[in-house]
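This report refers to the structure that appears directly beneath it.
When a residue number appears, it is its place in the shown sequence, counting from 1.
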Amino acid sequence: MDKVAIYEKNNGKQPLQAELLAKIAVGYAKLGQQDKASKLLAPAIQTAKISQDINIRQDLLEQLGIIYVEMGQYDKALQVAKSLQEIARAYQEIAKSSHSHEPTAEIGSIDIRLKHITDRLVRAGQYEKALQVAKLISINVTSGSLNKKDYIISQSIIMSEVALKYAQTGQKAQAEQILVQALQKAKTSDQMVEIAFKYAQVGQKAKALQLLAQAPQNAQYPDNNAEVAKVAKVAVKYAQVGQQAKGEQLLAQALQSINKEKYDSIKNFYLTDIAVDYAELKQCNQSIVIAKSIKDYPDYKAFKDAYITHDGLIVGAYSEDVFAEIAMTCAAVGQYEQALQAIKETKYSNNKREALTVLAVEYAKKSQYEQAFQVLKEDAESDYKKALLSSESDFAKNLLSVESESIKISALPKIVEQATQVEPPAKAE
């Protein structure tokens, strides 16, 4: 009895098996064996239709959408995205008659899944299909980026990202038309600021500056650090569109305002973001100075039950590790020495590993492969070996040893990808 028959015997009650079969289908599709691929996809399609568990159904629909893109079946990917939208609409109806935040949270989860399908379509050069999926997104969602900095998922921002891809493939008129539509859909100053940056990227700097001028500029908000943080983000965008002095001026005002905060826990929260903002302005030395002023880093009290090496390295991860974020941001803007300095200050083993991986990949993006491997060979190994040689528990030693190797395991494929990556042209549809 083959795998599909076993699945059918269980009446679609094995969603994990269905998902694995679907992934195998991609391999067959790439080999040109569409019949086998379609047969393996059938269990995932069936489970997505009949599953009573809404999370399983959403997971499978997202996987199907991504798999259809990888198989080149873009119309089917779009249909799957529309199925996800139908679930979101059902939640919207529930939200209208309910005071609970749960329906809104579920809609946000679906929007993130739609964003993932959009990203795959963009990577495949299917910009028109990507735009159609982007327009299915319902609400704004805060999610995490590569560097754990928050970003907003919204129709307007994703549309502007697709517009940029059109511009990069020489379709400037189409890009400008989509940007106009995106701007019309923008509902917050955060979204407008992001779209302003996209205007600059497609060569319309005057329009970008016009939009930025409408964003929050006053950092002197008494007892309103959230508004000050918005000004800091505007500062970053000014710098990114070539107005470095204006960006530095606004960011300095924001820093001055945040430093007046009386409560250390609140101040630390906002200083973390502003430190990273300075790194985005390519002022990584200042960024590290600000980070060192943050009290209670690392927070050993919160990790009292974790394994801590004699060198003060916490075996684990912290979602708001300021030095790791600075390291990854400095690496992204080409300030590699400062990135290494920030990595040395990082006190959480998983965050240190991730930052080292990002730095190695950023070297590879610049075709500096020798430096990329040097980061993995010397900086990663020496730091972890130092911890391993101290008299730690066997469990902690094993964890650190695995992490040391996983730096190379996670970084090497990405370095190879950078060496072979070619941007696909937009395909006619």
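- Every residue was checked against the ring pair (Phe, Tyr, Trp, His ring centres under 6.0 Å) condition with Tyr199, not counting sequence neighbours, and none meets it.
- Sorted by first and then second residue, the side-chain hydrogen bond (donor to acceptor under 3.5 Å, both in side chains) pairs involving residues 331-343 (not counting sequence neighbours) form an empty list.
- Counting only N and O atoms by type, the side chains of Asp321 and Tyr297 include a donor and acceptor under 3.5 Å apart.
- For the residue pair Lys129 / Gln126, no side-chain donor-acceptor distance below 3.5 Å is found, with atom types taken as modelled.
- Shown here are the side chain to side chain contact (heavy atoms under 4.5 Å, CB included) partners of Lys262, two or more places apart in sequence or in another chain: there are none.
- Across Val80 and Gly65, no two heavy atoms sit closer than the pair CG1-N, 3.7 Å.
- Side-chain atoms of Lys207 and Glu176, non-hydrogen and from C-beta on, never get closer than 4.5 Å to each other.
- With respect to the salt-bridge test (charged N to carboxylate O, under 4.0 angstrom), the residues Lys267 and Glu261 do not qualify.
- Annotation: disulfide bond (SG atoms under 2.5 Å apart) contacts involving residues 240-315, sequence neighbours excluded, comprise Cys284-Cys330.
- Asp299 pairs by the side chain to side chain contact (heavy atoms under 4.5 Å, CB included) definition with Lys301, Ala302, Tyr348, not counting sequence neighbours.
- Lys246 meets the salt bridge (Lys or Arg N to Asp or Glu O under 4.0 Å) test with no other residue; sequence neighbours excluded.
- Gln191 and Ser156 share a side-chain donor-acceptor pair at under 3.5 Å.
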